[in-house]
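Everything below concerns the one structure shown next.
Given the structure is predicted, the values throughout are model-derived calculations rather than measurements. For the numbers below, each heavy atom of this structure counts, side chains included, while hydrogens, waters and symmetry mates do not.
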Amino acid sequence: MMKWIEKILINASIQQPDGRPLHCYPFEPDQITGLEQHLRQHLIAGQEPTAIAPGFVFWAAELIRVEFKGGQLTWDFVFRHLGIQEERILGVKLVECGLDWWKRKVKRSEAGNRMFLYSLMAEGGLPQALLAQQRLYRRVVMGLLTEVEAAGGRSAPYMAEQIAFRKIRELPQIFQTDDFALLLADLALSLADLRAVLPTGLPNLEIERWLDQHRPGWLSMLPLRMTQEIAETLICPALRGDGIPLPLVALGPLSVRELQSDASRCWHGFLRLKDEGWLPVQHLADSEGLRLRLLPTGSNQFKSLNYSATPGVGGWRLHRFGGQGEMLIQLTPQEPFVLAAFADGQSRGEAVIDPGLPAVVESPSFWRACDPADGPNATRLVSQSGGGRTRAPCLWILASENVMPEVDDGLSINGPEIGPGGRLWRLSGVGTLHLGSISFRIQTCAREESPDARFYGFGRVLTGWRLAGGEPVHCRELTFYGEIGTDGLRIVPTRDLRRRRGRNLCSEIVEWVHAGEVMARHRFICLPAAARISLKEEAPGRVMLLAEGLVTGWSLTLRVGESEVQGEVRAGVTELPCDVAGIVPGIVSLRLYEPSTGVTLEVHAAWPARKGMILDPKGARLVTNRFLAAEDLIGWRAMVPDGMRGDLHLRLNMQSAIYLPVAGEASLIAHLPLIWAMLAQGGPDANV
C-alpha cells in the first residue's frame, strides 16, 4: 500500500506530507488504479484500518471528484466501488486516521459537528460532473464571486455560504445540496482573497506570474484539482474579472427616523425618505433579479409613494417616481415602514424597510441632533442606532414615563420633555445612565460617533397574519443580518446577539453587540417554529380557525366583528369556530394569552372568503359602489381565496373591461399606472 503513497509523494518532490489539500498532489492514473486494487484486497482480508487509511482517503477523494454525479453523497457510494457493503463506522475511522496522516483535518460544521464525507469531497475538489456544466457553472461562480466581494470577501464567510445556498438554485437539481454550496462558497472566498491582493492596474498577462512570486502556493487555496481547461475557462477569467458585473453603488438606506419639536417643545416622530436607496436581496430573496414596483402598505399619508426597483448585484436600486428631494412623513418611532413588492401586477411579498424601534416601555432609544452645532437647542433629532457615543455635545434618550433615569458623576441630565410615547431626556458628559435594571454607557463630545448601523431578522413568516402596525409575525428560527454604514448586510453570529423578553407574548428585544458596543436593537415577534394558524370560511358568516404547533395551555380569543369566541390550545390541531351576525367583516383578530405569565399577543388576518372581495384601508369589506380618486387607492386590497386565481376588472366609462389576473392579496394601487393611462385616454370626466 505504502509504495503507491510514496510514488505520489515523489511526484510532489517531497518525502512526507506537508499539509496541502489532497487535490494539490500530482499523480498518474495507474497510481489510483493500484490504490483501488490494494484497498479492495486489504479490506476484504480485514486488515487493520490504520494501515490503509492514507491510501483510502486519497483514493476516495479522487473517486468522488471523478465519479460523483451529484445528489446526496453516501458511504454506500464510496464502498460500493470497492466491492464491499457500506460500513459507516469503518469509513469514519479511515477518514480520521487517513487525513491525520496527510496532516489534514476533518472539516466541521458551524455547529461543531464533524463532516466526514464532505471532508473527502473537499479534499478532492469540485467534482468533474459540476465542472462539465461549463457555461452554467462559470455564470454561477462569477455571480457568486461578485456578491461575495460586495459582502466583504474573506471577512464574511457566513455571508458567502448564504449566498452560495441561494445561487445553487441556478444549477441542475442534482447539484443543489449543502455540500456543493459549501465548496462553491470556499471557491468564491478563495478567488475573492486572491483578487483583493492583486495590485491595481496589473496587466492581465502578469496576474499568474505576480501571484507565483508574491503568493507562493496560491493554487492550493482553490478547492479543485487544477487542469489547463479549468485554468483557461474559469480561474484566469475570474482573477481578471472577465464577465463579472459591477455592483451598483451602495446608496445606503432608504429611510431615516427623526424627532421634531413643535413650538411648545413637544416632540413628534417622522420618517424621512430619500428619492433613491438600496434594498438588499434578503428582503425579497424569492424575487432576485426581477424588476419590481414597490408600494407602501400603510395609510393614506403614503399615497404619493411609488418606487421602482432595478435589480443589481445583491439587491435592488430603488428610485421614487416623481421624486424631487427627500420626503417627510409623520410616523411614530415604533411604527414599521413596509413596502409591498409587485412584478407584472402580481404580489411578490413585502419588504420591511424599517421595522421601527421597540416601544419605549420595552427599550429606550437614543437620538442626536441632525446638526451637532445646534447643541441643546436642537429642534430636529435623528435616531442613533444603538450606542450612546457621539461627537455632539448632547445626546437624547426617549424612555418610558414610568422610569426615572439616574446618572453617575460626570454625566448631567436635563428634562424631561414630552416625546412620542414617552419622555425625552437630554444628556451630556461621560458616565453611566441607569433606567431601572438596564444601564447604558454615555459619552458626548467623543472623538467618533457610534456607527450608523441597521439590523434585520429574516425567517419564515406566519402566512396571512400581521400585527396591528403591519409587522410580520415570524416563526423561529430567524437569521439575523447587520450592516454598518454602507458595507452591505452580513450575517450576525449568535455570539454577537443579546436577547431579553419583550412585553408581548413571543416578543424579544434583540441587540446586536459588536466590539463591546450595541450597534442596533429591535423587537421581533417569533412564534414556535412549528406554528401554523389558518382560517376557513365554512359557510356564509361562519369561520373556523385551525391552530397547531402552539404551546399547549395558551388561551385563544377570536374576534370577528362583534362576535368573540375563546378556546384553549390542545395537543395536535386546535379548532375554534365563530359565527357572525349581520355584515361579515373584512378583518378578524386573534389574541394569544399565556396564563402563567399574563402576557398576550394580538394578530390580524383577512376574512377567508370563499369568493373574492375588496377591502378598504381599515379592513372593512366593500359592499356598495364608491367613487375614489385614483391616488386614494392606497391600502385598498382585492382578496382571492387561497389556491384560487381571480380576475380584477378595470372598466373605463362602463366600456368593455380589462381583465387582470390576481391571486392571494392584491393591492389595487399596484395597477395605478394602468389606471392613469386609462383615465388619460378617457378625458377629464373619465371614470375607471
Side-chain angles (χ1 to χ4, degrees), residues 107 109-111 118 121-122 126 130-131 133 136-173 175-196 221-224 234-235 237-239 241 243-250 278-290 292 309-317 348-349 351 454-460 477-484 486-494 496:
K107 292 186 177 294
S109 68
E110 185 180 348
Y118 173 69
M121 177 184 284
L126 287 162
L130 179 59
L131 298 175
Q133 308 276 333
L136 176 61
Y137 171 68
R138 174 174 169 171
R139 177 168 59 82
V140 170
V141 170
M142 293 301 191
L144 174 59
L145 175 57
T146 303
E147 291 196 38
V148 167
E149 287 184 323
R154 271 290 177 193
S155 64
Y158 297 111
M159 179 67 84
E161 292 180 9
Q162 292 296 317
I163 297 171
F165 285 134
R166 175 164 44 81
K167 297 297 287 186
I168 61 170
R169 299 175 192 168
E170 302 175 27
L171 294 172
Q173 189 171 4
F175 299 122
Q176 296 181 21
T177 67
D178 291 355
D179 290 341
F180 281 119
L182 292 172
L183 278 178
L184 286 177
D186 192 15
L187 175 60
L189 286 169
S190 299
L191 290 171
D193 190 33
L194 292 172
R195 280 169 50 83
M221 294 177 56
L222 305 176
L224 43 74
L234 178 65
I235 303 305
L239 292 176
I244 299 180
L246 293 175
L248 292 175
V249 177
W278 179 252
L279 181 66
V281 70
Q282 289 84 358
H283 286 273
L284 297 164
D286 293 336
S287 299
E288 182 181 12
L290 296 180
L292 303 173
T310 303
V313 177
W316 293 267
R317 182 170 188 157
R348 301 296 303 186
R454 280 154 297 285
F455 184 46
Y456 302 95
F458 300 106
R460 185 173 75 84
E477 262 301 314
L478 293 181
T479 301
F480 293 97
Y481 287 78
E483 177 183 34
I484 299 176
T486 56
D487 289 343
L489 286 184
R490 303 180 185 182
I491 290 181
V492 178
T494 302
D496 291 345

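Listed here is the closest heavy atom pair of Leu144 and Leu184: CD2-O, 3.4 Å. Minimum interatomic distance between Ala164 and Ala185 (heavy atoms only, all atoms of both residues): CB-CB, 3.9 Å. In terms of heavy-atom proximity, Gly457 sits nearest to Phe480 at CA-CD2, 3.9 Å. Closest of all the heavy-atom pairs between Leu222 and Ser190 is CD2-CB, 3.8 Å.
Residues forming a side chain to side chain contact (heavy atoms under 4.5 Å, CB included) with Ala309 (at least two apart in sequence, or on another chain): Leu292, Leu294, Trp316, Leu318. The ring-ring contact (aromatic ring centres under 6.0 Å, His included) check on Tyr481 picks up Phe458, with sequence neighbours excluded.
Residue Tyr118 holds its OH atom at 10.0 Å from CG of Asp178, rounded to the nearest 0.5 Å. Atom CG of Leu187 sits about 8.0 Å away from atom CG of Leu145, to the nearest 0.5 Å. The distance from the CD1 atom of Ile163 to the CD1 atom of Ile168 is 13.0 Å, given to the nearest 0.5 Å.
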Throw together a table of side-chain donor-acceptor distances under 3.5 angstrom for residues 279-290, partners on residues two or more places apart or in other chains.
{"unit_1": "Ser287", "atom_1": "OG", "unit_2": "Arg348", "atom_2": "NE", "d": "3.0"}
{"unit_1": "Glu288", "atom_1": "OE1", "unit_2": "Arg166", "atom_2": "NH1", "d": "2.7"}
{"unit_1": "Glu288", "atom_1": "OE2", "unit_2": "Arg166", "atom_2": "NH1", "d": "2.7"}

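Taking the side chain as every heavy atom from C-beta outward, Leu182 and Lys107 never approach each other to under 4.5 Å.
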